[in-house]
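To start, the structure under review is shown below, and the notes come after it.
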Amino acid sequence: MNSSAPSGLTGRIDEPPGRLLHDEVLAPQFRFEVEHLLASYVAVEKVLALEYQRMGLLTADQAAAVAVGLDSAAPAALSADPVANLSDLAFALERHVEAALAEPLPLWHVDRSRNDLQATAQLLFARQEVVGVAQALLGLWASLHRRAGEHTTSPMPGYTHFQAAQVITPGFHLAAFSGHVLHTLRRLLSTYDAIDACPLGAGAMAGQDLPWDRDRMARLLGFRAAQPHALTAVASRRWVLEVTAELSLFGAETSRFVTDLIAWGGSDLGFLDLPDELSGISSAMPQKKNFPILERIRGRSAHLGAFHTDALLGQRNTPYANLVEVSKEAGAHLYTAIDATRSLLRLLTAVVDNLRFRTERMLAACEREFLGGFALANLLTLREGVPWRRAQVLAGRYVVAAAATGRAPRDTDPELLAATTAAEGYRLADPATLLREAFDVHAGLAARRTTGSTRPSAVTDLLATQALDHDELRAQWARRAAADRAAVEETDRLLGLVPAGAGHGIG
């Protein structure tokens, strides 16, 4: 074999990866995996060592020696070397352990493939990252829930078709967003459970020759079960699509809520303010206080959709088999998507924690607009017997006529309303009371009777229900995180790396 060949790793090719392939592809991939996936590779290799021990191919002492060697594989001890390890982390880890062993172990790594090892390491990492995103979402929900509860009685205009429409409150609006966060947590939990199947033991694509206990290996890695189909285990990266899809959906909905914050923070409305440390200035216009952090959040939410599309396009039109195109390239931005999501959540939580609603401006905006037009039409029908559609028409005519005189909505004109309805033959018994009730801003909040409405007590009830949902979801996510930790502890205990009785085991 050529002296520069990758000694001991292949008999199929005579030359190591070229400089171009190493620099452009293998070395960057190696650095990424060492930084983010090394712990997952080590966890997988420890479980494999336990299986070799169970099958009688390694003694307990030999399996423990392998585990000790794995634990000594710090990032600084591993490097991408085209000759020594083909610039591949799995090979680098194997060589590192071999060098640490007191004697060679010929049976170690028999009947093994990188395909299922890499698929398992990637999925382990992704599951941990999804748990991290869930924890950040739980934190955002807590901030939204607290701020919503503080503003259930602060009137502000709600908008439809970019026009002031009805009286709402910041609490009502934030409760909608906190409900969306809970919805995302539920969907992510479903995604987590759906991908909770371990690829290990699938081999290259068709299964393995030795009697590997795939269910035991899955449990020792914190998975619910083994992936039942060997080809699916190594060929499918559907879980990448499912995770990025959920992040993309969250980003799209978040963008819409942040768009409202941007509008509310504009100088025309001025409904909210942020502290100076979360604000910006204009380099040319000294009178301006900008909120670029909101633009950053909305901008980063767009990346999440792009990352999902990237993963989707990377997998389509590929054969259903283990491919670098799918396993590496198509998932290249999975971590970037997760990292962008975490950044977005940190920024958004800081915004919610520090939002200050300018209640006097919100109330003034409500009092400038005839937001009680719908209520007036209802009252004309319910109190005065005017048919509903005619009541709508007459309420609209009153609003147009009153606005033309320059009247504020609360500066009611009972005679104008009476004349408007009398023109169509409807005599009102008490137009003054109708107008007073319809255009009283605070009464407009209390008038809503249905669950889920802007009525302060209804918002409070909704927030209480959300709190129960949140507690259940938090417990569900905590159980999954605890199962992963228990699996790591149990593996180390079985290998003799921790004293018997330490940890809680996996059941």
Side-chain angles (χ1 to χ4, degrees), residues 8-11 38-73 88-124 196-234 322 483-484 486-503 505-507:
L9 286 174
T10 175
L38 177 57
S40 297
Y41 273 89
V42 168
V44 173
E45 287 283 8
K46 284 183 176 180
V47 169
L48 291 173
L50 280 174
E51 270 298 283
Y52 283 124
Q53 178 185 335
R54 185 191 64 80
M55 292 187 289
L57 299 178
L58 293 180
T59 67
D61 288 343
Q62 289 173 332
V66 168
V68 170
L70 290 167
D71 279 340
S72 71
D88 180 278
L89 179 57
F91 289 144
L93 196 56
E94 181 180 335
R95 285 299 174 86
H96 175 85
V97 173
E98 287 175 343
L101 293 173
E103 59 180 2
L105 300 178
L107 296 178
W108 183 52
H109 270 212
V110 65
D111 194 36
R112 289 295 307 122
S113 168
R114 279 184 303 166
N115 293 2
D116 61 338
L117 188 153
Q118 291 174 347
T120 305
Q122 291 171 357
L123 189 51
L124 271 176
D196 195 16
C198 182
L200 197 60
M205 67 177 292
Q208 296 184 256
D209 294 347
L210 294 175
W212 299 88
D213 188 339
R214 296 192 62 215
D215 289 331
R216 178 175 184 256
M217 290 193 294
R219 290 194 302 272
L220 288 172
L221 288 168
F223 288 93
R224 172 182 49 81
Q227 167 55 247
H229 198 287
L231 179 58
T232 298
V234 297
N322 182 76
D484 287 345
V488 172
E489 293 172 0
E490 179 73 355
T491 298
D492 283 351
R493 185 187 67 78
L494 292 172
L495 286 165
L497 301 181
V498 294
I506 60 174

Test item: Leu200 and Leu48 side chains (from C-beta on) under 4.5 Å apart, heavy atoms: yes

Closest non-hydrogen atoms of Gly222 and Asp484, given as atom of the first, atom of the second and distance, are O-OD1, 3.5 Å

The reported gap from CD in Glu45 to NE2 in His96 (rounded to nearest 0.5 angstrom) is 12.0 Å

On a heavy-atom basis, the closest approach of Cys198 and Ala218 is CB-CB, 3.6 Å

Separation between CG (Leu89) and CD (Glu94), nearest 0.5 Å, reads 11.5 Å

Of Arg216, Arg219, Arg214, the one forming a salt bridge (Lys or Arg N to Asp or Glu O under 4.0 Å) with Glu51 is Arg216

Worksheet entry | Donor-acceptor contact present, side-chain Thr491 to main-chain Val47, <3.5 Å | no

* Determine whether Leu57 and Leu105 make a side-chain contact, defined as any pair of heavy atoms from C-beta on separated by less than 4.5 Å. => no

### Query
Counting only N and O atoms by type, is there a donor-acceptor contact under 3.5 Å from the side chain of Tyr41 to the main-chain atoms of Ala121?
no

| query | Side chains of Val234 and Gln227: does their closest heavy-atom pair fall under 4.5 Å? | reply | no

Q) Could you walk me through whether Arg54 and Leu494 pass the side-chain contact (heavy atoms from CB on, under 4.5 Å) check? A) CA-CA 11 Å; Arg54 185 191 64 80; Leu494 292 172; over 6 Å; no

- prompt: Hey, does Lys46 have a side-chain heavy atom less than 4.5 Å from the side chain of Val488?
  reply: no

Val97 side chain near Leu101 side chain, heavy-atom distance below 4.5 Å: yes

To the nearest 0.5 Å, atom CD of Glu490 lies from atom CG of Leu495 at 10.0 Å

Checklist line | Note, Trp108 side chain near Gln62 side chain (heavy atom, < 4.5 Å) | finding: no

For Asp116 and Ala202, the nearest pair of non-hydrogen atoms, with its separation, is OD2-N, 3.3 Å

Leu221 and Ala487 have their tightest heavy-atom pair at C-CB, 3.8 Å

Check: Asp196 side chain, Arg224 main-chain N or O, donor-acceptor pair, under 3.5 Å | yes

Interatomic distance, CD@Glu489 vs CG@Leu220, rounded to 0.5 Å, equals 12.5 Å

Heavy atoms of Ala63 and Ala49 approach each other most closely as CB-O, 3.8 Å

Between Gly207 and Ala230, the two heavy atoms sitting closest are N-CB, 3.6 Å

Are the side chains of Leu123 and Phe223 in touch, meaning some heavy atoms are under 4.5 Å apart?
yes

Asp492 side chain to Leu497 backbone, donor-acceptor under 3.5 Å = no

>> Taking the side chain as everything from C-beta on, heavy atoms only, tell me whether Met205 gets closer than 4.5 Å to Asn322.
In response: no

